[in-house]
Number of protein chains: 2
Amino acid sequence: MEEAREVINELLVEIFHRILAIENEGLRQQGVSLSMSEVHVLEAISLVEEPSMTNIAQKIGITVGSLTTAINTLYQKKYVTRKYDPSDRRKVLIALEPIALEALQKHDDFHQRMIDAIFEDLHLAEDEVLIQSLKKVSGYFKKW
Amino acid sequence: MEEAREVINELLVEIFHRILAIENEGLRQQGVSLSMSEVHVLEAISLVEEPSMTNIAQKIGITVGSLTTAINTLYQKKYVTRKYDPSDRRKVLIALEPIALEALQKHDDFHQRMIDAIFEDLHLAEDEVLIQSLKKVSGYFKKW
DNA sequence: TCAAATATTTTGAACTTCAAACAATGGTAT
DNA sequence: ATACCATTGTTTGAAGTTCAAAATATTTGA
């Protein structure tokens with residue numbers, strides 16, 4: 001049990017930082033001139049049901065004010081457009097431009113390759129215990 | 001196999017951000033007036049064999065210039081001291097003050113409690129497959 | 001209608017980081 | 001020794017991220 005704790009702690013502390021760096025690197029290599037946080041915003045826009053500022057900000061976990069500045073630069077870079085919700089004109093709905101979809105696709109591909117590499121290189125077992133445990137941990141943090 | 005990939009991808013994408021937020025929150029609650037990045041610097045100092053600027057920066061993955069500014073504020077806050085290596089006066093060796101050790105202890109305690117909660121709440125098995133797999137993934141990213 | 005609630009933007013500040021320029025010390029080759 | 005290059009750190013200027021608080025616009029409900 002002690003060992004399992006140590007390993008998980010290590011994952012939490014060190015590996016996550018490493019992964020962020022890897023992701024940033026991956027973006028640069030693919031000629032995507034966006035930061036990880038910007039990609040994160042685009043990702044949230046594509047995932048959220050109704051892409052209003054509040055919904056997107058909540059999905060990411062930042063304030064709406066912070067999101068506004070992020071969207072401002074993404075708008076300048078032509079990655080997103082704004083329009084007002086006709087049924088509630090207080091709301092601003094964000095839409096992804098084609099170039100944004102391309103960037104997301106590239107990012108997804110990178111992720112896929114990274115995960116493929118992990119599985120191939122490590123010969124990870126298709127083990128029920130592993131999968132179930134990871135699902136538990138994942139679900140746990142989602143609801144924290 | 002497909003499911004395992006999805007779960008790992010999810011861990012990488014979403015949970016990571018959540019954990020960072022949780023850690024920041026944990027610090028505030030314990031009355032530690034340091035940011036996560038500052039704690040990260042202190043952690044690196046305590047872990048690295050020879051706490052020179054270059055070694056610490058490398059451990060964290062930032063430039064030495066960035067580390068200098070971080071150390072400047074930690075020095076002002078009395079968390080660290082600087083001294084020159086007598087055998088190579090180009091080197092600056094950083095030492096932790098008692099208050100820094102306290103802060104690290106609090107942070108470790110928080111981590112421990114978080115991990116305890118995970119194990120208790122999720123009834124994670126002390127399973128060899130899980131532990132070995134996590135160790136593999138952890139080691140894999142360390143060397144990426 | 002008018003006040004309260006909701007949605008977003010603006011502004012000012014703090015923090016993190018980098019790259020490039022600069023300074024000092026150490027090592028090496030002639 | 002001297003000259004030069006490499007190593008180690010610091011400073012500086014700029015960019016990016018984030019927040020809180022104030023301001024603006026719209027909707028809703030009494």
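Reminder, nothing fancy here: chain letters follow the sequence lines and each chain counts from 1.
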How are the rings of B/H107 and B/F110 set relative to one another: parallel (under 30°), tilted (30 to 60°) or perpendicular (over 60°)? parallel

Could you give the distance from [atom1] ([X]) to [atom2] ([Y]), rounded to the nearest 0.5 Å?
X      : Y     : atom1 : atom2 : value
A/K106 : A/L34 : NZ    : CG    : 10.0 Å
B/H40  : B/E43 : NE2   : CD    : 5.5 Å
A/R82  : A/L74 : CZ    : CG    : 9.5 Å

B/D108: which residues meet the salt bridge (Lys or Arg N to Asp or Glu O under 4.0 Å) condition with it, sequence neighbours left out?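 In terms of salt bridge (Lys or Arg N to Asp or Glu O under 4.0 Å), with neighbours along the sequence ignored, B/D108 is linked to no residue.
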
Let me know the distance between [atom1] of [X] and [atom2] of [N], rounded to the nearest Å.
X     : N      : atom1 : atom2 : result
A/I60 : D/dC19 : CD1   : P     : 10 Å
B/N55 : D/dT8  : CG    : P     : 8 Å
A/I56 : D/dT18 : CD1   : P     : 14 Å

With axes from five pairs an end, tell me the bend angle of the helix from C/dT1-D/dA30 to C/dT30-D/dA1, nearest 10°.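 Roughly 10°, once rounded to the nearest ten degrees.
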
Which is the 5'-most and which the 3'-most nucleotide of DNA chain C that has an atom under 4.0 Å from a heavy atom of chain A?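 Here the contact window of chain A covers C/dA5 to C/dT10.
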
Partners passing side-chain hydrogen bond (donor to acceptor under 3.5 Å, both in side chains) against [X] (at least two apart in sequence or in another chain):
X     : answer
A/T68 : none
A/S66 : A/T63
B/K77 : B/E38
A/T81 : none

Tell me which residues in residues 80-97 of chain A put a heavy atom below 4.0 Å from DNA chain C, sorted by number, or none.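 Going residue by residue through residues 80-97 of chain A, the ones with a heavy atom under 4.0 Å of DNA chain C turn out to be A/R82, A/R90, A/K91, A/V92.
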
Which of residues 67-76 of chain B sit near DNA chain C, with a heavy atom under 4.0 Å from it?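 Contacts with DNA chain C under 4.0 Å: B/T69.
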
Identify all side-chain donor-acceptor contacts of residues 88-101 of chain B below 3.5 Å with residues at least two apart in sequence or on another chain.
unit_1 : atom_1 : unit_2 : atom_2 : d
B/D88  : OD1    : B/R90  : N      : 3.1
B/D88  : OD1    : B/R90  : NE     : 3.1
B/D88  : OD2    : B/R90  : NH2    : 2.8
B/K91  : NZ     : B/E50  : OE2    : 3.3

With respect to the phosphate group of D/dC19, does any side-chain polar atom (N or O) of A/S66 fall under 4.0 Å of OP1 or OP2? yes

Taking all heavy atoms of A/I56 and all of A/I45, pick out the closest pair and write down the distance.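 Here A/I56 and A/I45 meet closest at CD1-CG1, 3.7 Å.
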
Test side chain to side chain donor-acceptor pair (under 3.5 Å) on B/S52 and B/T54; report intermediate values, then the result. CA-CA 5 Å; B/S52 68; B/T54 298; 5.0 Å; no

A/D109/A/Q105 under side chain to side chain donor-acceptor pair (under 3.5 Å): CA gap, chis, key distance, verdict: CA-CA 6 Å; A/D109 291 348; A/Q105 187 59 54; 3.0 Å; yes

